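Quick notes on the structure that follows.
Not measured: the values here are computed from a predicted model.
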Amino acid sequence: MTDTKMLIEIPDFVTVRDLAAAMDISPINVIKELMSNGIMANINQEIDFDTAAIVAEEMGYEVVSPETLAAEAEEEETEQLAWREVLAAENAADLSPRPPVVTMLGHVDHGKTSLLDVIRQTNVQSGEAGGITQHIGAYQAQREGKLITFLDTPGHEAFTAMRARGAQATDIAILVVAADDGVMPQTREAIAHAKAAHVPIIVALNKIDLATSNPPLVKQQLSEAGLVPDEWDGDTMVIPVSAKEKLGIDDLLEAILLVAEDLDPQANPKADPTGTVLEARKEKGRGIMVTLLVQNGTLKKGDTLLIGEHYGRIKVMYDFRGKIIKEAGPSTPVSVAGLNGIPEAGDQFKTAASEKAARKIIAEEAEAQRGQVSARSGPVSLDDFFSRLQEGDTKTLNLIVKADVQGSLEPITNSLEKLSNEEVSVEILHASTGNITESDVMLASASDAIIMGFNVEADAIAQAAASSEQVEINTYNIIYKLFEDVEKALKGLLAPVYEDVVIGRAEVRQVFRIRGAGNIAGCYMRTGEARRNAKARVIRGSSLLYTGPVSSLKHLQENVREVKAGFEFGVNVSGWNDYKPGDFIEFFMTQRVDR
Ligand code: GDP
């Protein structure tokens with residue numbers, strides 16, 4: 001049991017009699033307690049708030065002053081006002097509750113799929129004969145007449161990949177932890193991913209049927225990982241379950257409904273339908289089938305869907321049981337046919353008035369994007385963080401920290417967090433040991449974070465993901481350099497790093513004298529390429545003779561922008577005239593590089 005103290009309200013001055021009454025104890029006991037504190041008082045005597053508080057606390061009460069209560073009430077009211085403002089954007093009268101959307105996260109083999117299956121078997125009302133055979137990426141379970149939508153692709157990779165594409169589909173995360181195995185690296189990762197998404201976490205402590213299960217130990221580990229069980233005065237519900245023995249499933253659903261009640265997810269069924277793509281694939285005989293989670297509005301058969309560059313009228317719509325339906329409201333997963341292409345999980349859908357209107361919108365959006373290339377702020381980097389800060393784009397520098405050993409991780413995260421001040425806060429979304437992985441990169445992408453590594457590297461997949469997601473990775477092997485860079489980034493003191501990158505090498509074969517234009521080197525491009533906007537180094541033997549910009553680049557008398565390996569061409573390097581056959585000309589570009 002918890003030992004939460006009872007709360008009593010005490011004014012600035014209170015008589016011994018009134019204080020005793022407030023605590024529902026005999027005034028004699030209060031007088032005794034006062035005496036043991038060196039205060040002689042009779043029953044009608046007034047004592048001040050501080051004295052009363054000492055006595056009450058001794059007797060197991062927590063005291064508040066009327067001022068504190070008033071301040072708290074005011075704070076609550078301000079919060080509610082803020083909420084009302086947010087909701088006012090929607091027509092409040094049209095908002096109605098919607099089922100919560102739940103995702104299962106956790107370490108591999110801890111039982112995410114098994115739990116999803118058990119809930120599906122036991123709490124889904126099968127519509128058609130034969131029950132549920134469809135797996136469309138989501139389903140809806142029922143408990144006490146209330147619906148819960150489960151996303152069927154477990155794991156934080158899928159969860160975060162969707163977020164990286166802009167989807168906020170999940171309301172509640174179930175963290176599945178096997179009671180015999182405990183908190184594992186991917187459990188910690190899942191916690192970080194859910195927290196970065198600001199999604200509340202319920203722990204399903206699975207496999208309690210096993211003799212080797214050790215719930216108290218796992219609860220200890222969870223506490224250390226920042227999820228303190230509610231029975232230990234924390235605010236994380238930890239529900240013992242067994243997918244194998246079908247134990248605790250109702251408790252788990254109950255817990256979800258409880259958290260959902262608090263969240264009170266709402267949507268407007270009358271709004272234009274919008275939502276997220278959960279899955280999309282081409283099916284034999286059915287064509288392109290797309291599973292959607294309707295998040296707002298009501299999607300109807302015959303609506304024209306618009307998803308990125310794809311569109312199409314909904315020819316047929318199924319619910320998750322495979323039953324044909326005509327319309328679907330908020331939090332409903334549906335599978336639809338009629339789209340003219342395959343979108344990606346996490347893409348957002350909306351609708352258009354007609355296919356013609358859809359084509360027009362797609363063309364307009366493509367056009368708008370073309371003009372916008374440089375207008376967008378782009379991914380966050382240490383170099384430009386300060387300018388974002390100044391423009392009011394952000395106040396938080398989100399970091400993911402990876403280090404080779406725990407012994408360096410802790411001092412790094414501790415010191416980084418201390419760099420926060422009133423103007424800017426450094427938030428560490430995830431810190432763990434080991435090399436930088438794809439999952440780290442996706443978390444960074446989804447949360448606008450930068451990855452800082454100490455004595456670690458990014459594996460090849462992570463590097464590829466970082467370049468396609470445009471996530472900045474900074475690695476160090478000197479700790480103070482890492483701090484220094486973050487510190488400078490916060491103050492806008494980081495100068496961008498430029499580097500000369502060689503793009504090609506050519507050999508000079510002959511020299512042409514052009515009247516009025518000086519000498520031109522007739523070259524053969526050996527490797528890489530030459531570009532008109534590059535710079536060049538003239539090299540003879542092992543000596544660098546000259547460096548300057550390319551002033552002309554010609555192929556067969558024509559001015560060209562570039563020349564590839566294997567071709568002959570003429571080049572003039574501005575400010576140099578003295579080419580000789582056998583010289584090499586190295587072309588390079590100055591590029592801004594990641595630190
Ligand atoms: P996932 O990787 O998290 O989706 O885990 P799975 O659901 O695939 O389960 C991994 C393994 O654990 C499977 O062999 C399951 O049969 C087993 N398993 C799942 N839940 C339980 C449970 O409650 N008790 C026991 N004993 N085994 C379980």
Side-chain angles (χ1 to χ4, degrees), residues 80 83-103 123-125 127 134 136-152 162 166-172 199-200 253 256-279 289-307 311-339 343 346-354 357-358 361:
Q80 282 188 351
W83 256 112
R84 245 176 264 152
E85 248 166 61
V86 170
L87 294 178
E90 285 279 351
N91 186 348
D94 288 339
L95 279 177
S96 49
R98 61 170 177 80
V101 181
V102 177
T103 300
N123 288 77
V124 169
Q125 275 158 4
Q134 290 275 314
I136 65 162
Y139 66 81
Q140 288 189 301
Q142 256 197 29
R143 168 84 190 155
E144 291 165 352
K146 293 189 178 122
L147 285 171
I148 303 169
T149 303
F150 283 89
L151 300 188
D152 214 353
M162 296 249 287
Q168 285 288 7
T170 300
D171 298 307
I172 299 170
V199 170
L253 299 180
I256 294 170
L257 290 180
L258 216 63
V259 173
E261 207 167 284
D262 225 32
L263 286 177
D264 192 20
Q266 299 197 329
N268 175 5
K270 292 182 190 162
D272 291 337
T274 54
T276 298
V277 174
L278 297 179
E279 266 183 34
M289 295 299 299
V290 182
T291 301
L292 305 171
L293 176 71
V294 180
Q295 290 177 281
N296 204 19
T298 300
L299 190 64
K300 302 190 180 75
K301 184 196 168 196
D303 280 352
T304 300
L305 276 176
L306 185 55
I307 310 176
Y311 65 96
R313 273 190 56 170
I314 299 178
K315 291 199 202 102
V316 53
M317 180 154 78
Y318 303 93
D319 72 2
F320 67 90
R321 304 180 185 92
K323 201 175 102 188
I324 291 180
I325 53 172
K326 291 244 154 50
E327 52 177 63
S331 293
T332 314
V334 293
S335 168
V336 301
L339 207 69
D347 282 347
Q348 307 293 297
F349 77 79
K350 54 188 177 185
T351 56
S354 64
I361 295 171

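Contact of the Val101 side chain with the Leu293 side chain is registered, since non-hydrogen atoms from C-beta on lie closer than 4.5 Å. Counting heavy atoms from C-beta outward, Lys301 and Val316 have side chains that stay 4.5 Å or more apart. Residues Leu257 and Glu144 are in side-chain contact: their nearest non-hydrogen atoms beyond the backbone lie under 4.5 Å apart. In this structure, the side chains of Val290 and Glu279 stay at 4.5 Å or more apart for every pair of heavy atoms. At least one side-chain heavy atom of Pro333 sits less than 4.5 Å from a side-chain heavy atom of Gln140.
Under the ring-ring contact (aromatic ring centres under 6.0 Å, His included) criterion, Phe150 pairs with Tyr139, sequence neighbours left out. In this view, Ala358 and Thr304, Leu306, Tyr311, Ala352 satisfy the side-chain contact (heavy atoms from CB on, under 4.5 Å) rule, not counting sequence neighbours. The salt bridge (Lys or Arg N to Asp or Glu O under 4.0 Å) check on Lys350 picks up Glu365, with sequence neighbours excluded.
When every heavy atom of Pro265 is checked against every heavy atom of Ala260, the shortest pair comes out as CD-O, 3.4 Å. Shortest non-hydrogen contact noted between Ser354 and Ala357 is OG-N, 3.0 Å. Closest non-hydrogen pair, Phe349 versus Val294, comes out as CZ-CA, 4.1 Å. Between Lys300 and Glu327 the shortest heavy-atom distance is CE-OE1, 3.6 Å. Nearest heavy-atom pair across Pro343 and Ile307 is CB-CG2, 3.6 Å. When all heavy atoms are compared, the tightest approach of Met289 to Ala337 is SD-CB, 3.7 Å.
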### Task
Output, in order, the C-alpha distance, side-chain angles, deciding distance and verdict of side chain to side chain contact (heavy atoms under 4.5 Å, CB included) for Thr170 and Val102.
CA-CA 6 Å; Thr170 300; Val102 177; 5.9 Å; no
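With Arg98 as reference, Asp171 is the one residue of Thr332, Asp264, Asp171 to meet the side-chain hydrogen bond (donor to acceptor under 3.5 Å, both in side chains) rule. Exactly one of Asn296, Leu292, Thr351 qualifies for a side-chain contact (heavy atoms from CB on, under 4.5 Å) with Pro273. That residue is Thr351.
Interatomic distance, CG of Leu147 versus OG of Ser331, reported as 9.0 Å (0.5 Å rounding). Taken from NZ in Lys270 to CG in Leu95, the straight-line distance is 10.5 Å, to the nearest 0.5 Å. Rounded to the nearest 0.5 Å, atoms CE (Met162) and OG1 (Thr276) are 5.5 Å apart. In this structure, Ile172 CD1 and Thr149 OG1 are separated by 10.5 Å, a value rounded to the nearest 0.5 Å. Atom CG of Leu151 and atom CG of Leu278 lie 5.5 Å apart (nearest 0.5 Å).
Of the possible polar contacts, none joining the Thr291 side chain to the Ser335 backbone as a donor-acceptor pair under 3.5 Å is found. In terms of modelled atom types and a separation under 3.5 Å, the side chain of Glu261 and the main chain of Ile256 share no donor-acceptor contact. With hydrogens and angles ignored, the 3.5 Å screen pairs a side-chain donor or acceptor of Gln348 with a backbone N or O of Gly346. Distance alone, capped at 3.5 Å, places no donor-acceptor pair between the Asp303 side chain and the Leu305 backbone.
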